[in-house]
Each structure stands twice: as structure tokens, then as C-alpha cells.
Number of protein chains: 2
Amino acid sequence: MSDMTSTADAPRSPGRPRSIRADEAIIEATLDLLAEGSTIEALSIEAIATRAGVGKATIYRRWAGKDALLLDALRRLKGVMPQPAGDSVRDDLLLLVGAIGQNADPRASKIMPCLVPAVNRSPDQFQLYQNIIAPRRQLMREVLRRGIEEGLLRADIDVEVTMALLTGPMLIQRVLQWNPDLDGRKLPAQVVDTVLDGIRAR
Amino acid sequence: MSDMTSTADAPRSPGRPRSIRADEAIIEATLDLLAEGSTIEALSIEAIATRAGVGKATIYRRWAGKDALLLDALRRLKGVMPQPAGDSVRDDLLLLVGAIGQNADPRASKIMPCLVPAVNRSPDQFQLYQNIIAPRRQLMREVLRRGIEEGLLRADIDVEVTMALLTGPMLIQRVLQWNPDLDGRKLPAQVVDTVLDGIRAR
DNA sequence: CATTAACGATACGGAACCGATCCGTATCGT
DNA sequence: ACGATACGGATCGGTTCCGTATCGTTAATG
């Protein structure tokens, strides 16, 4: 998996080279089908080939099977990580929280729910998931630590728990549509401000 | 679907009555298979029949198809709702938050992730999901409103957002294992107390 | 132009699951 | 004992998918 085309440089190539368009088409077809609601195991190589306008053999020539293909396709989905400005802790948190479940690729939000069961079943896919979200989590961790150093945030908070508090509501709402009454646009600010100030009267 | 055995009372019944054991076995087999990691559409009537020690015909005699069977099986899973004591708002929240993703049936937490994709795809199953969690949400809503009336909680908080704040972290942790470093046992208290007091220094 | 390999298309055997139907048996009310 | 019905088990034809094989075609190299 993911040796893919080339090892670059080399002057080699006897026969017809592999078409980059086919690579693209296969990956795109995979993501499209997932985004349209297919589950991972309902997803078939045949369907992908048809959708991509490609022979099945062309897929098997590149990947060992569905799993290897999926791995590559999902990697391609990742999207851009937001970059906190560093001026205001609240603004930075707002940026990171607002980005949760909103990737550059609009298909991502439709695909993520399909992965939940897989993540729980296969340690490999769990690790893949963790690898994808780890950098984002690290970003939020740094913002919170900075807030503590600056004295804006209490020094005794548990940073990991706080991250769960900021992330959880966004995820269940965007991935699970947990509460239809909530407004997805206003939610990031509401979450950040409520976590900052708490709900206890004083 | 769900006409099932009986309409109670009636003196009717010419032939051999349906075995309650078969009903039980079929439902149990369905839940077991789901809990073992089968996805909804990977789940087959044959597998269920085999696991239940039952002929396929026995299943088709009771339900129109897989969907109808699943609906009944999931209803059976619901489990017991916690009952807030009403003395302390914090204790009540702790009880409700601690119960999230922890049903009476230990299989529930393994099955829930499998439902996430289905919930997003089918309006019917989305409605089913909403119907299951609605009573629990109502319970938490009432505790929060009581807290406001008692003056313990600020009057200007958004109750729906607060519920998402309390529920989200528990769900992503228990369903998704979002952060392996978090301690599931301590989490409810940490979530409740952090939401109550906020993280801002003062 | 000859060579070489990837191309799209299609077919294959094998497997899994579906809904439907039929056994012969077991268990009810009458 | 009798009809009626449910039981577990088995089988059928149809569908879908997998992974491989084989077409004639196409595109680069030499």
C-alpha cells in the first residue's frame, strides 16, 4: 500500500505508464460513494470501479484490497489544519472549536460517521483515527497551556478534560446531529464562552 | 412489525402458540451479534437464526425483514433511566452525566457506535434514536431549570447548550474512545465541576 | 516500427446472503 | 384423536461481491 506510482527520480519505464487520472478517479469515487452514505463494508470494489470509469484490474494493480485503498483514500481526506493567531486565547479556541467536524472537503463530515464503527472494531483503524486527530488535539492543548501561563485560565484545570469539554459538544452535534434545536453556527462561541465562565451563579 | 405475540387477553389460538423462548433467543442473538462488532448491514438473518438456534422461517414468521427486527431489538436495549434524587443539583447532574453511554445492558455501549452511520442515513432510524434519548434529555433539562430557579445556576445560560456541554464529552469518550488518556471513572465529576465553575481565572 | 506494459471491458469460479418454500415433528385447543 | 399451527432444518433460484484471467487497444520507450 501507498508505494504507488514512482519512487521518483529513476529513468525507468519500459511499457505504458500508469495513468494519474485513474489514481485520482479511483480515490475520488471511493470518497464520493462513502459520502453518499455507503458504509465501509457495503462499499464494493466493483462499485468503485464503475463509478471511477475504471476496470477492476486497474484497482487491484494498485492496491491489495479494499482496506489498503480505504487507508489511502482517507489519508487524502484530511484537509487543512487551522492555524491559531496567538493573540487571544478565546479567539484561538473559537477557531479550533469551530473547525471541529468542518473539514476543507465537505464530504468529510458525511464520511466520519461511517468510520465510527470501524474505529471501534479494528485497532489499526483506531490508530489511524488517532493519528489524524492527534495534531489538532496538540494545537488545542498548546492554546490552553498558553492561557494558563498567561494567567487567563486557572492553573488547576485538567487540560485533557477541558479539551474533551470543548470538542465533545461540537462532535456530537456535527456528526450525530445530537440535538436538532441547536444552531451549528452559534454553537462554537456558546461552547467556548460557557466553558470559560461556567454556569454557576455568583 | 411489533404486533408480535398476543394482543393479550383474547381467548383465541387454534394452533400451536409461538414460543416465547424463540422470541427471546432471536432478539438476544441480534444484540449479541451487534455487540460483537457486526455492522447493521453486515448483519444477516441467517447469522441471527444460526446464533439463536432457530430456523430462518421462524424469524420471517415474526418480522417482515431485517429492519423490522432491528427496530424491535433496539427498543429492547433501552435500559433503565436514572432517577435524580432532587436534593442537590450537582449530585443529580453527576448521576445523569455518569449514566451517559452506560446502560443497564453492557452490550449497549458496543452497539451504539454501529448505529451512528444508520442514524445519519435513515430518517426513521434518526427518529428512533431521538425518541430513545429524548426522555433522558428531558430529565437533564429539568434538573438544570431547577438549578436556575433555585438560584444556583445563572439565569442567562442556554439550557440546550449546557446539556450538549455535559453530554458531548461523555459520549465521545465512551463511544469513540476519543482520548485514551482520560479516566472514564473520574470523567463525570470532572465534566460537571468544570462546567459548573468554568476554566477562567478569577 | 517493435517492444512492453497499463488501459477499459468483460467473464469466470467461488462465496455469501437473500426471500421463499417445503419437509417431518411438536404442541396447542377442541 | 383431530385439525391447526409453529417448530428446526434443508433446499432452491437469484443477486451481489470477490479476486483472477483474458480480451483487444493504447501509449510511451528505444
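Labels below follow one simple rule: chain letters A, B, ... track the order of the sequence lines, proteins then strands, and each chain is numbered from 1. Atom set for the values below is all heavy atoms of this structure, side chains included, hydrogens, waters and symmetry mates excluded.
- A:D156 meets the side chain to side chain donor-acceptor pair (under 3.5 Å) test with A:R154; sequence neighbours excluded.
- Spacing between atom CZ of A:R18 and atom P of C:dG8 amounts to 12 Å, rounded to whole angstrom units.
- Residues passing the salt bridge (charged side-chain N to carboxylate O under 4.0 Å, His left out) test with B:R61: none are found, sequence neighbours excluded.
- Secondary-structure stems of DNA chain C, taken as three or more successive Watson-Crick or G-U wobble pairs (i with j, i+1 with j-1) under a 3.5 Å distance threshold, comprise C:1-30 with D:1-30.
- Residues passing the side chain to side chain donor-acceptor pair (under 3.5 Å) test with B:E150, sequence neighbours excluded: B:R146.
- Taking side-chain N and O atoms only, B:T58 has a distance below 4.0 Å to OP1 or OP2 of D:dG8.
- Contact annotation: the side chain of B:I199 approaches that of A:L196 to within less than 4.5 Å [non-hydrogen atoms, C-beta and beyond].
- Surrounding CZ of A:R141 are more than 12 heavy atoms belonging to other residues, nucleotides or ligands, all under 6.0 Å away.
- Summarising the geometry, the separation between CG on B:L69 and C1' on C:dC18 is reported as 15 Å, rounded to the nearest angstrom.
- One atom, CD of A:E41, and another, P of C:dC17, lie 12 Å apart when rounded to the nearest Å.
- Shown here are the side chain to side chain donor-acceptor pair (under 3.5 Å) partners of A:D67, two or more places apart in sequence or in another chain: there are none.
- Look at CD1 on A:I59: it is 10 Å from P on C:dG8, rounded to the nearest Å.
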What one-letter contact string describes nucleotides 15-27 of chain D from 5' to 3', where B marks a base within less than 4.0 Å of any protein heavy atom, S marks contact via sugar-phosphate atoms alone, and - marks no contact?
-> --BBBB-----BB

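- Remark: the backbone N or O of A:I100 is paired with a side-chain donor or acceptor of A:R174 at under 3.5 angstrom.
- The shortest distance between side-chain heavy atoms of A:L43 and A:L70 falls below 4.5 Å.
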